[in-house]
Amino acid sequence: EHQMNISFKDEFGEVLPTLPLKQSGNIFRNNSLYSNWEEVCSNDGEVYIIGNPPYVSQRNQEDIHKSDMEHVFKDYENYKKLDYISCWFLKASKYIKNIQKVAFVTTSSICQGAQVDMLWPKIFGLDIDIIFAYDPFKWTNNAKNQAGVTVTIIGLSKKNTSRKYIFGDGLKTEVKYINAYLKSGQETIITKQNKPISDLPYMQGGNQPREGGYLMLTDEEKIELVSSDDRISKFIRPLMGSNEFIKGIKRWCIWILDEQLQEAKNIPLLAERIQKVYEHRKNGNSVERSFYKVPHKFVTTKSGVNNQIIIPIVSSEKRQYIPVGFLPASVVVTSKAYSIFDPEPYVLGVLTSRIHMVWVRAVSGRLGSGFSYSSNICYNTFPFPKLSEQAKETLNLLSLELLVVRENHSSKKISDLYDPNLMPKDLIEVHKKIDEYVDSIFKYDGFKNDEERLEHLMNLYLNIMG
C-alpha cells in the first residue's frame, strides 16, 4: 500500500494521509460468479472494476470450474471450451449499465482461435465495446512459481464513439474500434468452416495411429526389424508429424494394406506386433475398441497419389513463416499435422506467403506462445482471390523455386532454415518474391504494412461471407 501511495503521489502530486486510520470502503467475501454485483456495488454511478481473475483453460478445469461456468452461461450455448476467466467478462458486461468501466488481466487465448466465436458475440450482443487492449505479452511477476501464460489487458465499457487505444511495442495507438482479435477494424468474428471459402483445395488432418506404439518405429527400431527379416521392408513407410518435419527426426511406421494382411501375418515379427495392437485396442477406450478388428493398420489411413503438402499444427511465434513442406505421397502424415493431397505447387506459395501469415497471427489459437494452426479457422476461412491461369502458373514457378532453394540447404533442418537468426539469404529472397507476388494478387500495388494486409483480408472475408 505504501508503494502504491508513493506511485500515486508521483503521478498526481499529492496523496491523502493514511494516519489516523478511518473507515474507507467495504470488503465483500463471496464467490463473485454467484454474487449479484449490483448489490455489492451499485451501478448507478461512476464505477471502475479492475481485476486479475483466475485463468484455467478448458483442459485444466475441475468440476467446480465447470459448475461455475454452467451457472454464468446458463442462458447461452457453445461455451464449454472457453477459459474459466470468460465468466468474469460476461458478468462484467451484464453489470455495465452506462458509464461504468471494467478492466481485467486475462489469458490472450479468449481473443484467439475458436474461443473468439464462443465468447465475443455474447459480449458485443450486450452493447459492449472494447475501449483499450494490450498486445499479448508473457506474464511475469516476482512470485516463485509464475503462471506460464501469455496475457493481455482488456478494458470494457458501454458501446460509445469515444477514442479507443491499443498498447504495444511501447506505443499507444488511437483507433476508432477494437475488434475481438484486439485489432483495429470492423466488428468481425471469424467462424469455423468445414471447407475453404475460397477456391483452394481441401485440407485434412493426418492419420491417427491409436495402436499403442506397436506400428510406429524409431530409426533404430526400423533398422533392427529389417535386418532381422528383410521381407518387412516392403511394409515400412516414412512417418511424419509436425515435430518430425520441423526438427528432421526420422520415424517410420508399419503400413499394411488390407490386401497385404495375410502376407504380413506370415512374417512372425509383424504377426506379433499386429497381435499386440489387437490386445491394446480390445482393452482400450471406446474409439480404440471400435477398431480392434483391424489391428494391422492405423485408425485412419489417408494418403495422396503422387505428393502432398504437410502443414505443422504447432509452430514457433518467432518464425516469420510457418514452415510448410512438400512431400511424396509415400510419407504417412500423422494427426499432429495437416495434409493437402496432390495439390498444384502454387498452394505451397499461398501457405508460405506473408499475407497468409498475417491472417494466421490474427485468427489462430495458441499453444503456449506458439501458433496452433487449425484448418477450420486458419485455412478454410482464408479469403484468397480466384487465380487466373497466368497467375497460377507464376505462383507455381515461385513455389518450385522455393523448393529448389530449400534443397540447396538439404543438410539443414527446417527448424534451422526458418530460425529468424539463421535463415539463409537465398531463402529470404525467394520468400520475399513470393510475398510480393501474392500481395499483388490481392491488391495490384501491394500493401504498406501488415495492418493494411489484415484490414484488406477482413473486408474480403466479410464480403465473401455476406
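Along the sequence shown, the residues carry numbers beginning at 1. Excluded from the calculations below are hydrogen atoms, water molecules and symmetry mates; all remaining heavy atoms, backbone and side chain alike, are included.
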Checklist entry - Can you list the residues that meet the ring-ring contact (aromatic ring centres under 6.0 Å, His included) rule with Phe137, with sequence neighbours excluded? => result none
Item to check | All salt bridge (Lys or Arg N to Asp or Glu O under 4.0 Å) counterparts of Lys443, not counting sequence neighbours | outcome: Asp445
Quiz: residues 319-334 side-chain donor-acceptor pairs under 3.5 angstrom, not counting sequence neighbours:
residue : atom : partner : partner atom : Å
Arg319  : NH1  : Ser315  : OG           : 3.0
Tyr321  : OH   : Asp435  : OD2          : 2.5
Thr334  : OG1  : Lys336  : N            : 3.1

Checklist outcome for this item: Sorted by chain and number, sequence neighbours left out, ring-ring contact (aromatic ring centres under 6.0 Å, His included) with Trp252 holds for none
Checklist entry - How would you list, by chain and number, every residue that makes a side-chain hydrogen bond (donor to acceptor under 3.5 Å, both in side chains) with Thr381, sequence neighbours excluded? => result Trp359
Next on the checklist: Test of understanding: with side-chain hydrogen bond (donor to acceptor under 3.5 Å, both in side chains), list the residues that count as partners of Tyr76, not counting sequence neighbours.
Outcome noted: none
Item to check | With sequence neighbours excluded, residues passing side-chain contact (heavy atoms from CB on, under 4.5 Å) with Ser233 | outcome: Val226
Next on the checklist: Using the side-chain hydrogen bond (donor to acceptor under 3.5 Å, both in side chains) criterion, which residues pair with Lys297? Sequence neighbours excluded.
Outcome noted: Asp258
Checklist entry - Listed by chain and number, what are the side-chain hydrogen bond (donor to acceptor under 3.5 Å, both in side chains) partners of Lys433, not counting sequence neighbours? => result Glu401
Next on the checklist: Tell me every residue that passes side-chain contact (heavy atoms from CB on, under 4.5 Å) with Arg361, counting only those two or more places apart in sequence or in another chain.
Outcome noted: Met357, Phe371
Checklist entry - Donor-acceptor pair, Asp169 side chain versus Leu171 backbone, under 3.5 Å? => result no
Donor-acceptor pairs are to be reported for all side-chain atoms of residues 424-432 against protein atoms at under 3.5 Å, with residues two or more places apart or in another chain.
residue : atom : partner : partner atom : Å
Asp426  : OD1  : His409  : NE2          : 2.9
Asp426  : OD2  : His409  : NE2          : 3.1
His431  : NE2  : Tyr418  : OH           : 2.7

Next on the checklist: Which residues pass the side-chain contact (heavy atoms from CB on, under 4.5 Å) test with Phe167, not counting sequence neighbours?
Outcome noted: Phe132, Tyr134, Tyr165, Lys172
